[in-house]
There are 2 protein chains.
Amino acid sequence: MTILEVLHTAPSCGTCPIRHRAVCARCETDELAALDAIKFYRSFEAGQTLIWAGDRMDFVASVVSGVATLTQVMEDGRTQTVGLLFPSDFVGRPGRERAPYNVIATTDLLMCCFRKKPFEELMGRTPHIGQRLLEMTLDELDAAREWMLLLGRKTAREKIASLLAIVGRRDAALHLRKPQGQMVFDLPLTREAMADYLGLTLETVSRQISALKRDGVIELEGKRHVTVPDYNRLLEEAGDDADGGFFG
Amino acid sequence: MTILEVLHTAPSCGTCPIRHRAVCARCETDELAALDAIKFYRSFEAGQTLIWAGDRMDFVASVVSGVATLTQVMEDGRTQTVGLLFPSDFVGRPGRERAPYNVIATTDLLMCCFRKKPFEELMGRTPHIGQRLLEMTLDELDAAREWMLLLGRKTAREKIASLLAIVGRRDAALHLRKPQGQMVFDLPLTREAMADYLGLTLETVSRQISALKRDGVIELEGKRHVTVPDYNRLLEEAGDDADGGFFG
DNA sequence: GGGAATCCTTGACGTAGATCAAATCCACGC
DNA sequence: GCGTGGATTTGATCTACGTCAAGGATTCCC
């Protein structure tokens, strides 16, 4: 996907030249100019670790295109991914010195970064940036708690279905709607990265994907390209008592 | 524990008559008066459900004394606790209509509640309340992500040790320090509530507690009263590469 | 085209923790 | 003191998922 596509499809704020829903949905023109003055872009390749846990972070950033993970590693190597970052998602905590997690690009990735010090000053002058950050953080907290239910109580099959549903939903938001609850997308994660996010092994991930394919819940073309013929069926498999409200 | 003890030991803001770290650490006297005007207390018994997921919530609140859980339940009854609330913790999201989780008192509980509408208005006039809320939410997000590592990758024994370490740390903050890394506290949770928080069954919880006792990591008096002779040993069992920095 | 590096799939088998089923403990009311 | 009911412990067995191992598929580079 090109940057232009993101600019075209991401939720935008009208006047903002970079259109970060993250920070500028309610920005005035002069605030946008201030943001522009402290921003810079960085791009990364799939597989690259952008930030190591414990690193000093002198910027905050939002994802322009691509997907990244937030990952924790125990001393003995056990790995758990604690967050997925899609375009428009925000990384970094104002007021924090050091990164708490590894941030890893799982696809080619473009980030829009803001130097932390001036960003914090701008926050001080511009209350709605802080408000927006609070909203986003609360949303992330909800997502983390939903994932806790998945990690603690769902079966391997339900976990895979849940992940596919979420990736599809986030990805499809960037594309035109397909007819009749159908959904088509590319998995932005390797089997191993999926396993680390779901608290499984990559073998179990592979087996369950094969099973969902055998049962007609999904279709696969290659290893990454997924077609979901019936999104509601997928949600049932995910064990969500949730809405299913994506395709109304 | 009495309310007076909480008032005495909880982080306080000096001038605040109710001493909620949650909302008033930086409040001016007139702001405290405004908070006082919209607050009311509610008390609950152990086991009571304060709020059902989906209920309309017309207040936000902070815990004065006791412990509560935030719990998600799937259609088929599988249950996952996604948060533990100790004294000074905050519940409720400004700008949200309905509760996303069941809130259950696991001990007798006293809450200090603020009517939501006026609380939001006060937030609008008083930026540091929003800032404080952002900080607290970010802390909760960190805690949720640490718990994701636990749920996804830790063994049953490590899960139990982690829970004991956290409960001990929170509880001990309210009491005088014991000599030489020793720690004494009462578990505020039944075995079943522990299981729901750890993604285990109550039988496994019971077995692992017995094992930790047999191995001398903890001592038990009755079912609830725990003595940890060596906190660092407990942290090792928890598999945390963390500091261990509670008893410096 | 070949080989080699990744990534993925599939099979055989082992095990941590779940499930099912009794006890046992303990607080509380009478 | 005595029964009653919930909470907990413990044992026996089962199973979903992990572990180990052996191929495929795809891409990239020479």
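Because the structure is a prediction, the values reported are computed rather than measured. By convention in this document, chain letters (A, B, ...) are assigned in the order of the sequence lines, proteins followed by strands, and residues within each chain are numbered from 1.
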For atom [atom1] of [X] and atom [atom2] of [N], their distance in whole Å:
| X | N | atom1 | atom2 | value |
| --- | --- | --- | --- | --- |
| B/Q208 | D/dT9 | CD | C1' | 13 Å |
| B/L202 | D/dA7 | CG | P | 10 Å |
| A/E192 | C/dT9 | CD | C1' | 15 Å |
| B/I160 | D/dT8 | CD1 | P | 12 Å |
| B/K213 | D/dT8 | NZ | P | 13 Å |
| B/M194 | D/dT9 | CE | P | 9 Å |
| B/L198 | C/dG17 | CG | P | 12 Å |
| A/L187 | D/dT26 | CG | C1' | 16 Å |

Report yes if at least one side-chain N or O of [X] is closer than 4.0 Å to OP1 or OP2 of [N]; otherwise report no.
| X | N | result |
| --- | --- | --- |
| A/T155 | D/dA16 | no |
| A/R207 | C/dT10 | no |
| B/R224 | D/dT8 | yes |
| B/S210 | D/dT9 | no |
| A/T204 | D/dC17 | no |

- Closest-nucleotide ordering on DNA chain D, the 5'-leading residue of A/E203 and B/L189: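 Taking each residue's closest nucleotide, the earlier one in sequence belongs to B/L189.
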
Base, sugar-phosphate, or nothing: which does [X] touch, judged by heavy atoms less than 4.0 Å apart?
| X | answer |
| --- | --- |
| B/S206 | base |
| B/G199 | sugar-phosphate |
| A/T201 | base |
| B/L200 | sugar-phosphate |

- Message: Please check this pair: side chain of B/S210 against backbone of B/S206, looking for a donor-acceptor N/O pair closer than 3.5 Å.
- Response: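 At least one qualifying donor-acceptor pair exists.
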
- Query: Do other residues, nucleotides or ligands put more than 12 heavy atoms under 6.0 Å from the CD atom of B/E192?
  - Reply: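 Counting other residues, nucleotides and ligands, CD of B/E192 stays at 12 neighbours or fewer.
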
- Could you check B/T81, B/N102, B/D196 and say which one makes a side-chain hydrogen bond (donor to acceptor under 3.5 Å, both in side chains) with B/T71?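 It is B/T81, the one option of B/T81, B/N102, B/D196 that forms the side-chain hydrogen bond (donor to acceptor under 3.5 Å, both in side chains) with B/T71.
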
- Message: So if I apply the side-chain hydrogen bond (donor to acceptor under 3.5 Å, both in side chains) rule between B/S162 and each of B/E146, B/K154, B/R157, which one comes out positive?
- Response: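 The residue from B/E146, B/K154, B/R157 that satisfies side-chain hydrogen bond (donor to acceptor under 3.5 Å, both in side chains) with B/S162 turns out to be B/K154.
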
- Message: Salt bridge check, B/E203 against B/R207: does any charged N sit closer than 4.0 Å to a carboxylate O?
- Response: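 Result for this pair is no, no salt bridge flagged.
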
- Taking the side chain of A/K223 as heavy atoms from C-beta outward, which of C/dC8, D/dT9, D/dG18 is closest to it?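 The answer is C/dC8, which lies nearest to the side chain.
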
